[in-house]
Amino acid sequence: GTAALIWNEIIREKVTNFIMNQSKEQRILNFVLQNAVRGDPRSVVDTIDKYCSQKEWAMNVGNEKGLILDKTVEEVNPSVALELGSYCGYSAVRIARLLKAGARLLTVEFNPEFAAIARQMIEFAGVQDKVKLLEGPSEEIIPQLKKKYEVDTLDFVFLDHWKDRYTPDTILLQECNLLRKGSVLLADNVIFPGAPDFLAYVRKSPHFQCTNYPSHLEYMQVEDAVEKAVFLG
């Protein structure tokens, strides 16, 4: 079943890492540098999708759920957006290509190796003027957003980091007064690997209005979903 599929991918990745003496994330970046068009974010996104669907599975939001992400960003048309979990920079590039002039995306990545890859990906895609990568734990960075990064409120937040951080970080965004009436949170992987406590929290809260978008796990026929939670103030 699903577990066996993912387990096989993990083993194959470990073996490949050992043989090639580089990480899967480095291989994804190299593939983009060799095959995508510099300065063309759409080409970068498509090239990552191609690599991850044909060569090695990776935890990007992927193309199917990416369309839900695109649609939400276009509807919100944010001036200030926050992403929790940059990974290889896939969704940062995907979001940045849709931002209006003068808008900015802050993307937070805890893992220094992923942050280094994401930085190069963002730069290669030509969206570095719109994206600022913040390296460190989300629980330390969120409280600094107002003073250190001059954020008044966030129009859009994409949650795609550690699933057990979804709820505490959402509460932190509220406590730090970073959400305004109409701010939109979009959370990936709420079914697989799953974020049940987050779903329970936003759905029960009188401060959020929720919509669920059933979908599939990136690059696989495994049930997953994206949850949209609009902050009501």
Side-chain angles (χ1 to χ4, degrees), residues 59-61 65-87 89-100 103-110 115 118 122 127 130-190 195 197-213 215 224-233:
M59 58 182 182
N60 312 306
V61 69
K65 289 185 295 183
L67 295 174
I68 302 166
L69 174 61
D70 290 356
K71 190 169 178 293
T72 310
V73 172
E74 283 166 344
E75 281 170 7
V76 177
N77 193 17
S79 295
V80 185
L82 173 70
E83 172 181 52
L84 300 175
S86 317
Y87 187 42
Y90 173 92
S91 44
V93 170
R94 193 158 190 139
I95 293 167
R97 80 184 211 287
L98 301 171
L99 293 179
K100 60 190 168 194
R104 59 184 176 135
L105 168 68
L106 301 164
T107 182
V108 178
E109 179 51 60
F110 174 71
I122 288 161
V127 293
K130 292 180 168 183
V131 183
K132 188 171 185 64
L133 193 143
L134 312 176
E135 198 177 316
S138 52
E139 62 269 32
E140 282 177 24
I141 291 174
I142 289 169
Q144 301 177 336
L145 288 176
K146 277 191 187 277
K147 281 212 165 72
K148 196 171 173 186
Y149 301 103
E150 297 171 352
V151 173
D152 177 22
T153 53
L154 298 160
D155 304 309
F156 176 71
V157 182
F158 184 49
L159 297 96
D160 197 15
H161 56 331
W162 295 107
K163 310 310 153 198
D164 61 359
R165 289 295 324 162
Y166 281 22
T167 309
D169 284 348
T170 298
I171 293 167
L172 200 51
L173 289 168
Q174 290 174 265
E175 286 173 349
C176 296
N177 296 313
L178 284 158
L179 303 181
R180 57 154 177 88
K181 188 176 176 139
S183 292
V184 173
L185 309 189
L186 194 69
D188 189 20
N189 301 121
V190 295
D197 58 330
F198 170 78
L199 290 183
Y201 175 73
V202 288
R203 287 174 182 179
K204 282 183 186 141
S205 166
H207 298 289
F208 290 100
Q209 184 175 16
C210 298
T211 314
N212 186 266
Y213 298 98
S215 186
D224 194 13
V226 181
E227 187 84 0
K228 178 167 123 179
V230 181
F231 189 65
L232 304 173

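- At distances below 3.5 Å, not a single donor-acceptor pair connects side-chain atoms of E109 with backbone N or O atoms of E135.
- A distance of 11.5 Å separates OG1 of T153 from CG of L173, quoted to the nearest 0.5 Å.
- For E139, the side-chain contact (heavy atoms from CB on, under 4.5 Å) criterion is met by P137, R165, D169, L172, not counting sequence neighbours.
- For the pair C176 and P143, the tightest heavy-atom approach, listed with the atom from each and the gap, is SG-CA, 3.8 Å.
- We find the OG1-CG distance between T167 and L159 to be 9.0 Å, quoted to the nearest 0.5 Å.
- Applying the 6.0 Å contact sphere to CD of Q209 captures no more than 12 heavy atoms from other residues, nucleotides or ligands.
- A parallel orientation is assigned to the rings of Y166 and H161, their planes being inclined by less than 30° (bins at 30° and 60°).
- Under a 3.5 Å cut-off, the side chain of H207 and the backbone N or O of L232 do not form any donor-acceptor pair.
- K147 NZ: 12 or fewer foreign heavy atoms inside a 6.0 Å radius.
- Atom CD1 of I95 and atom CZ of F158 lie 6.0 Å apart (nearest 0.5 Å).
- Checking S91 against E83 by side-chain atom types alone, a donor-acceptor pair falls below 3.5 Å.
- In this structure, F208 places its CZ atom where more than 12 heavy-atom neighbours from other residues, nucleotides or ligands lie under 6.0 Å away.
- For K146, the NZ atom counts as densely surrounded, since its 6.0 Å shell holds more than 12 non-hydrogen atoms of other residues, nucleotides or ligands.
- Residue pairs satisfying the side chain to side chain donor-acceptor pair (under 3.5 Å) criterion with at least one member in residues 170-183, sequence neighbours excluded, are listed as follows: D155-R180, Q174-Y201.
- In E74, the CD atom is crowded: over 12 heavy atoms of neighbouring residues, nucleotides or ligands sit closer than 6.0 Å.
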